Amino acid sequence: MNTTADSPSPSFFQEPWFKRALPFAIYMLFILLHDLLARSLPSGYLSGHLLTVTYPLRIIAVIAALAVYWKSYDEIDRSGLTPWGVSYALVIGTIVFVLWINMDWPWATMGDMEAYNPRTLPETGFYAFVAVRLFGASVVVPIFEEIFWRSLVLRYIINPDFTSVKVGTFTWASFVISSILFGLEHHLWLAGMVAGMLYNFLLYRTRSLTLCIIAHGITNFLLGVYVLWTGYWQFW
């Protein structure tokens, strides 16, 4: 008789997929809550500046989730952090930015693009919100989105036991499906799909999720600077 006890399966909260999906799920939940609150409030100052409350809370909640599971994200490492690799990421990130601001055609936009202008805030409030928004968009969002899309989703499509799939493994199905889904997450769905393809391409070329995070961060940082410079708040 076999007396060796089977090793217990990990709890739901320790599942590899859960650790990578939770920060993304929290971010999307806060977007949903923001939309519900905005619709329930009368038009005016309070509803107009709701984002200055919900966005910082959104970023704090995501950072907390990332911190809890940070040691589990072994796919984020120093691989690829060579001068060539970083330069490659900078180029891809810049290309995505340029395409993004030039692909806002009405037919390629999903629903109305929210255009909150924080310059209506008092000066101190404006600079505080901009700092949080830039940090969130350029640092926090690239980390959890790349963990979700290019570590979890891209590999899960290949094999539900996604941790057995090496980061950067290519299949046409995972490339196409993940790019489409990534695009559908964004109001500019076509620009989002192209961005997903380019970030995927960077991953295939470098096998480095860290470089994808850098490229994504460059895109979002340049987009934030562009919005602040031009006042095209619909991109933010």
Side-chain angles (χ1 to χ4, degrees), residues 23-24 27 75-111 113-115 130 133-155 157-158 166-236:
F24 180 84
Y27 191 86
E75 60 270 42
I76 300 178
D77 55 29
R78 299 178 62 85
S79 66
L81 293 183
T82 63
W84 177 87
V86 174
S87 298
Y88 208 165
L90 292 174
V91 170
I92 293 294
T94 303
I95 290 174
V96 174
F97 159 70
V98 172
L99 291 174
W100 195 276
I101 62 175
N102 286 285
M103 296 180 68
D104 58 334
W105 306 302
W107 61 269
T109 302
M110 188 185 302
M113 294 180 66
E114 184 176 315
V130 165
R133 188 73 188 238
L134 273 177
F135 174 77
S138 305
V139 179
V140 181
V141 170
I143 292 174
F144 80 76
E145 282 204 331
E146 292 306 311
I147 288 173
F148 179 75
W149 289 110
R150 265 151 288 281
S151 177
L152 172 58
V153 175
L154 199 65
R155 293 191 288 169
I157 294 170
I158 298 173
K166 290 184 178 180
V167 171
T169 300
F170 173 82
T171 66
W172 278 110
S174 61
F175 172 71
V176 173
I177 293 172
S178 67
S179 298
I180 291 173
L181 292 177
F182 185 77
L184 294 178
E185 179 200 353
H186 298 86
H187 287 295
L188 297 178
W189 57 267
L190 183 60
M193 289 180 188
V194 173
M197 291 178 185
L198 288 171
Y199 294 146
N200 284 347
F201 176 75
L202 177 63
L203 185 67
Y204 298 142
R205 290 285 294 175
T206 65
R207 301 293 194 271
S208 173
L209 190 73
T210 305
L211 289 178
C212 291
I213 292 171
I214 292 173
H216 200 152
I218 290 297
T219 299
N220 288 4
F221 177 77
L222 292 175
L223 186 61
V225 172
Y226 175 79
V227 167
L228 292 170
W229 183 265
T230 63
Y232 293 162
W233 304 106
Q234 69 272 17
F235 285 114
W236 221 15

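All values reported here derive from a predicted model rather than from experimental measurement.
Remark: S178 engages N200 in a side-chain hydrogen bond (donor to acceptor under 3.5 Å, both in side chains) (not counting sequence neighbours). For F148, the ring-ring contact (aromatic ring centres under 6.0 Å, His included) test picks out F24, with sequence neighbours left out. The ring-ring contact (aromatic ring centres under 6.0 Å, His included) search around F182 returns W149, H186, not counting sequence neighbours. By the side-chain contact (heavy atoms from CB on, under 4.5 Å) test, S174 is found to be paired with L154, I157, I158, T171, Y204, residues two or more places apart in sequence or in another chain being considered. Remark: L222 engages T94, F97, I218 in a side-chain contact (heavy atoms from CB on, under 4.5 Å) (not counting sequence neighbours). Qualifying ring-ring contact (aromatic ring centres under 6.0 Å, His included) partners for W107, counting only residues two or more places apart in sequence or in other chains: W105. Not counting sequence neighbours, Y226 has no partner by the side-chain hydrogen bond (donor to acceptor under 3.5 Å, both in side chains) test. With sequence neighbours left out, the side-chain hydrogen bond (donor to acceptor under 3.5 Å, both in side chains) criterion links S138 to no other residue. With sequence neighbours excluded, the residues that form a side-chain hydrogen bond (donor to acceptor under 3.5 Å, both in side chains) with E145 are H216. In terms of the side-chain contact (heavy atoms from CB on, under 4.5 Å) criterion, residue partners of S79 (sequence neighbours excluded) are, by chain and number, D77, S208. Annotation: side-chain contact (heavy atoms from CB on, under 4.5 Å) contacts of L99 (sequence neighbours excluded): I95, M103, V194, L198.
Here salt bridge (Lys or Arg N to Asp or Glu O under 4.0 Å) pairs that include residues 199-227, with residues two or more places apart or in two chains, number zero.
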